[in-house]
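Given the structure is predicted, the values throughout are model-derived calculations rather than measurements.
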Amino acid sequence: MFDNLSDKFSEIFKKLRGETRLTESNIAEAMREIRMALLDADVNVDVAREFVEKVRVDCLGEAVLKSITPGQQVVKVVNDRLIELLGGEAGQLDLTSNPTVIMLVGLHGSGKTTTAAKLARYLTDKLKKSVLLTACDVYRPAAIDQLEILGKELNIEVFSKRGEMNVPAIAAEAVSRAKFAHHDVVILDTAGRLEIDDAMVQELIRLRQSVRADEVLLVADAALGQEAVHVADTFHKALNLTGFILTKLDGDARGGAALSIRQVTQCPVKFVGMGEKTDDLDVFHPDRMASRILGMGDVVSLVEKAAADLDHEEAEKLAKKLRKNEFDFNDFLSQIKQFERLGGLEGLLKFLPGGKQMQEALAMVDPREFKRLEAMVLSMTPGERANPDSIDFARRKRIARGCGLPLEKIAGFIRQFNQMRKMMKKGGLMKALMGGGGGAPTEIPAGGMGGGFNPFGGSQQTVSKKEQEKKKRLAKLKKKEKQKQRRKK
């Protein structure tokens with residue numbers, strides 16, 4: 001979502017790092033560009049103006065102007081101010097009451113019902129709380145159906161009263177049910193409108209008063225842009241919000257809402273929705289988001305994601321197999337599955353410093369290639385997967401027919417897989433992936449995840465080597481042209 005803003009910040013900082021020293025004039029130029037970048041990202045005008053002024057004052061301080069690396073000091077100033085703008089620290093839910101009542105409010109289409117299920121899953125899986133979902137959207141029957149289906153999928157109880165139009169009464173009965181069934185948290189999925197109206201607001205006020213909600217969270221669509229600030233301010237004045245959940249951050253919205261609503265309302269963004277699945281809800285960490293916006297990656301979130309999503313028993317089994325040189329196609333398939341759980345290649349790169357540049361360098365790798373690799377392995381018999389050496393020419397032909405890929409692709413994949421196994425025997429997995437050198441790769445491979453193992457069947461040369469060869473060819477052609485011109489003269 002912040003790709004456009006991140007690119008513009010990168011360009012601004014690149015110019016500043018090229019300056020031998022910082023002056024008021026080049027700082028003023030950088031501040032103007034930062035302000036334009038923020039406005040282009042749909043950040044509120046007043047918020048952008050205040051942010052730039054704070055950054056400008058900090059940049060004109062002695063610590064920056066007299067620094068050996070003034071450009072890097074400016075990046076630090078912007079990072080610190082960006083963290084402050086986003087809220088400083090991650091917002092925490094108040095779960096002290098028994099049961100805790102959480103109201104989700106927002107406009108129609110912002111994703112309240114799906115977010116209610118996501119939040120219930122987060123509280124159940126991460127915080128080990130017993131949750132009761134409550135259908136308080138009585139104006140849209142499909143909302144009750146949707147919540148009940150999601151609750152059934154997650155094995156979480158859903159309370160609803162079809163035909164009842166008194167929303168405060170439904171909520172009060174749900175709280176009584178939660179006390180009786182010993183639920184820790186009650187989540188109220190309320191109704192929305194296409195736009196804010198007095199009838200909706202008054203109903204929400206009565207609802208909050210009837211159950212004394214501990215948390216009132218506005219579910220805001222990140223794509224609303226400048227309008228999100230107006231919506232947030234109106235809801236906050238009426239209901240005294242305790243926080244926000246921003247949805248659809250995985251889309252192509254410009255991200256201004258995330259940078260504006262915290263400053264305008266002084267309420268924290270507590271969660272962000274990154275997809276449609278019920279596990280696509282993340283705690284909002286201002287420092288990590290600031291790092292990602294400035295292109296510095298978010299390694300901490302990547303480690304947390306890996307710890308939560310990867311199968312550690314599977315990893316231990318693989319380590320033992322590698323030590324005994326027993327790595328086979330079953331293990332390879334398992335690793336592809338683990339890789340997909342982390343979001344694939346693009347999902348991993350967005351967490352790493354310089355990930356944007358790495359994505360551009362790897363643009364020639366078709367993300368569907370991983371699916372083709374999976375299709376190759378799934379077209380093998382259990383015996384062939386367990387014993388790669390048994391795959392002869394006739395078996396390769398059958399595998400090619402099974403997955404619908406050319407025979408040379410199958411042959412290339414199996415050949416490189418066997419080469420990797422041999423390298424593992426000599427120097428371990430890292431040496432195999434690095435092409436036998438054993439050290440860290442200095443260039444990004446063009447056709448795979450390492451200079452040695454390139455399962456996509458492309459060239460083993462790196463991107464930079466290809467560019468160098470192209471430059472050499474062009475230089476030779478220019479030289480020949482000059483020689484021809486001299487002969488003519």
Side-chain angles (χ1 to χ4, degrees), residues 44 99-120 132-151 158-178 185-248 257 260-262 264-267 269-271 273:
N44 180 269
T100 297
V101 179
I102 300 175
M103 270 179 67
L104 299 186
V105 301
L107 295 181
H108 179 69
S110 60
K112 289 189 303 300
T113 304
T114 306
T115 301
K118 289 180 180 180
L119 184 58
L132 176 66
L133 284 166
T134 306
C136 290
D137 186 351
V138 297
Y139 307 105
R140 189 169 66 94
I144 300 175
D145 296 336
Q146 183 185 356
L147 196 65
E148 288 178 343
I149 290 168
L150 290 168
V158 176
F159 181 86
S160 63
K161 291 200 75 174
R162 294 178 185 272
E164 176 64 69
M165 301 300 290
N166 189 335
V167 176
I170 294 171
E173 194 170 334
V175 172
S176 299
R177 166 66 188 165
V185 181
V186 179
I187 297 176
L188 307 178
D189 176 31
T190 66
R193 303 281 195 282
L194 291 174
E195 59 184 22
I196 300 171
D197 61 38
D198 189 58
M200 175 185 70
V201 172
Q202 291 303 317
E203 181 180 86
L204 292 174
I205 291 172
R206 291 196 303 274
L207 176 58
R208 173 162 198 181
Q209 291 171 346
S210 69
V211 294
R212 295 180 182 177
D214 302 281
E215 291 274 1
V216 183
L217 304 177
L218 174 66
V219 180
D221 186 340
L224 277 176
Q226 294 274 355
E227 183 62 21
V229 177
H230 168 67
V231 171
D233 192 41
T234 304
F235 271 104
H236 184 51
K237 287 175 180 175
L239 297 167
N240 192 22
L241 299 173
T242 59
F244 298 92
I245 299 178
L246 281 179
T247 60
K248 305 176 188 176
S260 303
I261 58 177
R262 166 64 176 78
V264 171
T265 63
Q266 294 301 304
C267 289
V269 177
K270 297 194 176 183
F271 296 94

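In this structure, CG in L104 is found 6.0 Å from CG in L119, a value given to the nearest 0.5 Å. In this structure, CG on L218 lies 9.0 Å from CD1 on I245, to the nearest 0.5 angstrom. Put simply, CZ on F271 and OG1 on T115 are 11.0 Å apart, with the number rounded to the nearest 0.5 Å. From C136, atom SG reaches atom CD1 of I187 across 11.5 Å, with rounding to the nearest 0.5 Å.
Put simply, the side chain of R208 reaches to within 4.5 Å of the side chain of N240, judged on heavy atoms. Side-chain atoms of E215 and K270, non-hydrogen and from C-beta on, do get closer than 4.5 Å to each other. Residues D189 and L133 are not in side-chain contact: their nearest non-hydrogen atoms beyond the backbone lie 4.5 Å or more apart. Q266 is not listed as a side-chain neighbour of H236, based on a closest heavy-atom distance of 4.5 Å or more.
No side-chain donor from either of T134 and E173 sits under 3.5 Å from a side-chain acceptor of the other.
Counting heavy atoms of neighbouring residues, nucleotides and ligands inside a 6.0 Å radius, atom CZ of R162 exceeds 12 of them.
Here the closest heavy-atom approach between residue M103 and residue V105 is recorded as CE-CG1, 3.8 Å. Nearest heavy atom pair, residue A178 against residue V186, reads CB-CG2, 3.4 Å.
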